[in-house]
2 protein chains.
Amino acid sequence: MARQPTESRQVEIISTMVRLAAERNPADITTTDIANAMAVTQGALFRHFPTKEAIRLAVVEWIEERLMQEIDAARAASIDALAELKGMFMAHVRFTIAYPGVPRLIFAELQQPDGSAVRERVQLIMQRYRKTLAISLAQAMEAKLIRPNVDVQAAAALFLGAIQGLVMQSMLSGPMAKAEHQAAGVLKLYLAGLGVES
Amino acid sequence: MARQPTESRQVEIISTMVRLAAERNPADITTTDIANAMAVTQGALFRHFPTKEAIRLAVVEWIEERLMQEIDAARAASIDALAELKGMFMAHVRFTIAYPGVPRLIFAELQQPDGSAVRERVQLIMQRYRKTLAISLAQAMEAKLIRPNVDVQAAAALFLGAIQGLVMQSMLSGPMAKAEHQAAGVLKLYLAGLGVES
DNA sequence: TACTTGTAAGTAACTTATTACATACATCAC
DNA sequence: GTGATGTATGTAATAAGTTACTTACAAGTA
């Protein structure tokens with residue numbers, strides 16, 4: 001019962017996957033797990049996606065759309081390049097708190113062997129993200145909001161690492177929500193590395 | 001043929017797992033994969049470990065032993081707390097270059113559900129590591145080698161995140177070896193956050 | 001009526017672990 | 001030394017369970 005069109009089922013499958021990934025190893029989530037969580041039979045999933053890999057790809061695309069939207073919104077709401085960096089950092093942290101399964105899914109896909117379509121999509125997202133960061137960093141340098149001799153590549157890597165460090169900590173010691181006030185501390189430390197006085 | 005005692009086979013199984021994890025998703029490495037790489041039959045593995053989980057636990061214990069040995073050696077060879085931090089960072093990076101499978105294995109185990117014996121072991125390693133970092137950071141503050149108002153918790157989290165950021169970058173764009181010179185840049189940036197002039 | 005979405009059952013492939021059996025090897029009586 | 005014996009390590013086959021995906025059929029919906 002409760003028949004639904006493919007479009008809404010696809011969304012449901014994606015969000016169920018993201019939800020389940022918050023508490024389990026994404027690699028261990030089976031089509032049966034997803035179907036049970038949706039109260040349909042396992043075979044029903046294949047009415048809406050041809051393969052499991054197609055589901056994983058759709059999940060990654062969903063993440064890209066949502067996360068990049070948040071990042072871009074934070075950037076747009078900023079008055080200068082330094083505010084952009086702060087805003088993107090906190091937006092990313094908030095997104096991770098809202099969807100704790102997301103970093104786990106991303107990392108699980110990064111572990112996939114070379115040539116996997118899903119993996120390459122994740123690589124594209126990260127490249128795009130790094131490029132955005134590099135632009136803001138360069139602008140901040142030009143506007144003398146950060147010190148003039150910052151290694152932009154290292155700064156972009158450390159930005160992502162800082163977030164990843166918070167994620168790892170939440171995976172170690174409890175819910176990501178607890179890490180939110182820690183996030184402010186880490187951001188402050190990161191900005192100090194860029195020469196920002198606080 | 002080429003019978004070998006259990007002790008050496010156990011070591012071989014562990015190092016084969018670590019080696020395979022450098023190029024594949026650790027979650028996808030089967031006992032058949034390990035056995036093939038060792039040129040024995042799949043069943044032979046169970047002469048030396050009772051279950052696959054026992055293999056995974058042994059791998060984690062091997063990592064702990066080796067990594068912590070490197071970290072401690074780097075600490076011991078340092079003249080002050082700041083040199084300790086630098087030494088530990090670079091030792092960790094070098095270890096990751098030598099064994100690219102290690103961070104993947106650690107992360108894969110962290111994804112495991114709560115209560116898993118292997119996961120809890122990894123948690124212990126990370127706690128121990130963080131504690132070591134906190135001590136060095138506190139000492140460095142006391143000796144006025146870094147600025148006096150560093151948030152030690154955030155600094156420990158960012159230290160691990162900085163390494164994790166390098167690992168993610170290598171997973172994105174190629175071998176970890178390429179990331180070595182990047183590591184120096186990230187370390188410099190991290191230390192700048194602690195108020196270290198360079 | 002024609003198409004879409006669902007179920008129930010089944011299948012092929014894969015994975016961990018076990019079992020029956022074979023053989024190398026250390027130990028020890030002699 | 002030599003040979004017997006028990007144990008450790010290996011193979012081949014297979015059991016038992018799981019997973020992604022398919023198929024035959026039913027029923028809702030435009």
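Letters A, B, ... are given to chains in the order of the sequence lines, protein chains preceding strands, and every chain is numbered from 1.
In this structure, B:His48 places its NE2 atom 9 Å from P of D:dT11, rounding to the nearest Å. Here the P atom of nucleotide D:dG10 and the CD atom of B:Gln4 are 7 Å apart, to the nearest Å. The CZ atom of A:Phe49 sits 20 Å away from the P atom of D:dT19 (whole-angstrom rounding). With rounding to whole Å, A:Asn36 atom CG is found 13 Å from D:dT18 atom P. Distance, A:Gln42 CD to D:dC21 P: 9 Å, rounded to whole Å. Taking atom CZ of B:Arg47 as the reference point, atom P of C:dC21 lies 14 Å away to the nearest angstrom.
Between A:Thr41 and the phosphate of C:dA8, there is no side-chain N or O to OP1/OP2 separation shorter than 4.0 Å. Neither OP1 nor OP2 of D:dT19 sits under 4.0 Å from any side-chain N or O of A:Thr31. The side chain of B:Arg9 places an N or O atom within less than 4.0 Å of a non-bridging phosphate oxygen (OP1 or OP2) of D:dG10. Phosphate proximity of C:dT5 to A:Thr6: present, with a side-chain N or O under 4.0 Å from OP1 or OP2.
Nearest-nucleotide mapping onto DNA chain D: of A:Thr30 and A:Gly43, the residue sitting toward the 5' end is A:Thr30.
Interface remark: the A:Arg3 side chain does form a donor-acceptor pair with the C:dT4 base, using a distance-only criterion of under 3.5 Å.
Using a cutoff of 4.0 Å between basic side-chain nitrogens and carboxylate oxygens, A:Glu84 and A:Arg75 are scored as salt-bridged.
The side chain of A:Phe46 lies closest to D:dA20, out of D:dA20, D:dT11, C:dT7. Checking C:dT16, C:dT7, C:dA17 against every side-chain atom of B:Thr32, the shortest atom distance belongs to C:dT16.
Donor-acceptor pairing under 3.5 Å is recorded for the side chains of B:Arg130 and B:Gln153. For the residue pair A:Thr32/A:Gln42, the side-chain donor-acceptor check at 3.5 Å is not satisfied.
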